[in-house]
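Notes for the one structure printed next.
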Amino acid sequence: MSQPQQTLPREAYLSAEWYAAEQQYLFGHSWQYLGPADEMPAAGHYRCVQLGSYPMLLLRDQDGTLRLLHNLCRHRGMPLLEGSGALPQHLRCPYHSWTYQQDGSLRALPQAERFPCLNKAEMGLKRGALDEWQGLMFGHTQPDAVPLAQWFAGLEDTLAPHDLSACEEQPVEVHTLKANWKVFVENYMDGYHLRHLHSVSLGKHYDHDAIAQGQLGPHWYFYQPLTAEGHKAALSSSSYPLIPGQDPKHLGAYVHLLFPNLGITASEESWSLLHIEPLDALTTRVTIRSWAMPVSTLRYLMLREPKSPGSADHPVKTGDLMGEDIAVCEAIQRSMHSPAYQVGALAEELEAPLAHFQQAILSYLKDMKANR
Ligand code: FES
Ligand SMILES: [Fe+2]
């Protein structure tokens, strides 16, 4: 078995140049998560979305067709709409009043005689692509993007069996980290730290010796079963109810990274989406939406209490798994500012997903740059 290698240089986690290249070639040229499919704009409404370097317009026209268009007027690039809201019957550019139909086609331009060579039929708003996978909506800046089913091919078979139909959404958590987005993703996929950093917060709940993980293209999947102790705790009255659909004899954690930046984490009692968005080279926003079976308000408050507070005088021993991860990510990011910073080695298997992730980024950036 070969030792996994760190291949991204230190600058990849620090520099504005890397951030700009990722915005253009990675986030701007890969399928990006837009939200659950049932939360898309209603007929006659729109929402502006940013896919890497590309400002886009997600809209549903009066006829009910959902569209993703580039939010750039074809005359000189003025954004047509801002924010979100009701979609005008005609989209009028505020600069020189070119108007577009709701399907993006160019309807009219004032003083058209000043543009004798302009072919109106070719001057509609540029189109992106939209597609749905497992109830989640994704957008792409390019209309000829690889089909989403092909992009995620095979991943369905690795997903958690949870049936969320009776679950309720929990309060949304938003964390803004002083760390590069890749530091967060690499920590998310690191199976080596679980029994160390999270020795208090995870305790002996999961069997860290029985991890099964792999890659499908650039995407990562992971499963680890509960220990006997974890099983007992999961079935006790002091836990959230189990989410239906799971085999009670085979409970565990299912974790995915849909490349490049959407995490899915399912435990026996919760199912979460982690949207990991770089705000700049050194700042990342992680938005976590979770679903669980309903419980009474009082029980909910009791269950939200950290089970093992640990030694709260140190930020990496809070008893709160996410708090520990954030503290480590921000500390690693501070270390990266030192010219002496170096990754000495990566653990076989347990840290191999980090090497895959880095390779995927490098080859993605190389391919995309070569094609533009
Ligand atoms: S930039 Fe839109 S009409 Fe001129
Ligand atoms: Fe962690």
Side-chain angles (χ1 to χ4, degrees), residues 48 55 57 69-82 88 90-101 104-115 118-120 122-126 173 175 177 179-208 211 213 220 222-224 230 252-257 263-267 270 272 274 276 284 286 288 290 306-308 310 314-333 346-347 350-351 353-354 357:
C48 293
L57 210 45
L69 304 169
H70 288 257
N71 189 13
L72 301 173
C73 176
R74 290 300 303 277
H75 176 218
R76 280 173 51 202
M78 182 77 187
L80 289 163
L81 292 170
E82 291 178 359
H90 300 125
L91 285 64
R92 177 181 300 278
C93 178
Y95 200 174
H96 312 91
S97 295
W98 285 27
T99 55
Y100 300 85
Q101 307 284 12
S105 56
L106 180 61
R107 173 177 169 266
L109 59 158
Q111 296 167 273
E113 70 282 1
R114 296 282 180 184
F115 300 87
L118 186 138
N119 180 353
K120 265 173 63 184
E122 291 175 353
M123 296 300 278
L125 299 179
K126 289 185 181 171
E173 276 179 51
H175 302 277
L177 280 68
N180 182 276
W181 71 281
K182 299 185 292 298
V183 173
F184 183 86
V185 171
E186 291 181 5
N187 173 70
Y188 180 72
M189 298 191 298
D190 169 4
Y192 188 29
H193 80 296
L194 298 174
R195 73 171 83 215
H196 307 293
L197 177 65
H198 301 312
S199 59
V200 173
S201 52
L202 283 180
K204 297 189 168 49
H205 206 69
Y206 291 103
D207 185 350
H208 303 312
I211 290 173
Q213 62 178 337
W220 170 73
F222 167 105
Y223 172 76
Q224 69 174 164
Y254 296 78
V255 190
H256 287 77
L257 183 81
I264 306 179
T265 298
S267 75
S270 70
S272 306
L274 292 84
I276 303 153
T284 302
V286 182
I288 306 178
S290 298
K307 284 178 185 140
S308 315
H314 194 285
V316 301
K317 287 287 172 213
T318 58
D320 158 30
L321 184 113
M322 189 65 182
E324 290 166 349
D325 282 332
I326 289 174
V328 159
C329 288
E330 293 188 336
I332 291 287
Q333 185 72 43
L346 294 176
L350 292 172
E351 291 181 303
L354 283 66
F357 173 66

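First listed ligand is number 1; within each ligand, the first listed atom is number 1. Note that the numbering runs from 1 along the sequence shown for the chain.
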Exercise for review: Step by step, work out the side-chain contact (heavy atoms from CB on, under 4.5 Å) result for Leu118 and Met123.
Suggested key: CA-CA 8 Å; Leu118 186 138; Met123 296 300 278; 4.1 Å; yes
Practice item. Might you work through the side-chain contact (heavy atoms from CB on, under 4.5 Å) test for His75 and Phe115, ending with a clear yes or no? Key: CA-CA 11 Å; His75 176 218; Phe115 300 87; 4.3 Å; yes
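Residues Gln213 and Val255 have side chains not in contact (no heavy-atom distance under 4.5 Å, counting atoms from C-beta outward).
A donor-acceptor pair under 3.5 Å links the side-chain atoms of Arg74 to the main chain of Gly124, judged by distance alone. Between the side chain of Tyr95 and the backbone N or O of Pro79 there is no donor-acceptor pair closer than 3.5 Å.
Within the listing of ligand 1, atoms 3 (S) sit less than 4.0 angstrom from a heavy atom of Trp98. Listed by number with element, the atoms of ligand 1 under 4.0 Å from a non-hydrogen atom of Tyr95 are 1 (S), 4 (Fe). Close contacts between ligand 1 and Arg76 involve ligand atoms 1 (S) [criterion: under 4.0 Å to a heavy atom]. Of all atoms in ligand 1, numbered sequentially from 1 with element shown, those under 4.0 Å from a heavy atom of Cys93 are 1 (S), 2 (Fe), 3 (S). Remark: ligand 1 atoms within the under-4.0 Å shell around heavy atoms of Met78 are 1 (S).
Nearest N, O or S atom of His198 to the Fe ion (ligand 2): atom NE2. The atom of His75 that is an N, O or S and sits closest to atom 4 (Fe) of ligand 1 is ND1. Take the N/O/S atoms of Asp325: the one nearest the Fe ion (ligand 2) is OD1.
In this structure, Tyr254 and Tyr223 have tilted ring planes: the angle between them lies in the 30° to 60° band. Between Phe222 and Trp220, the angle of the ring planes lies from 30° to 60°, which puts this pair in the tilted group.
Of the protein's non-hydrogen atoms, the one nearest atom 4 (Fe) of ligand 1 is His96 ND1, 2.0 Å.
Residue contacts to the Fe ion (ligand 2): Asp190 brings no N, O or S atom closer than 2.8 Å. Among the atoms of Cys73, no N, O or S atom falls under 2.8 Å of atom 4 (Fe) of ligand 1.
When each of Val286, Leu177, Leu197 is tested with Asp325 by the rule side-chain contact (heavy atoms from CB on, under 4.5 Å), just one qualifies, namely Leu197.
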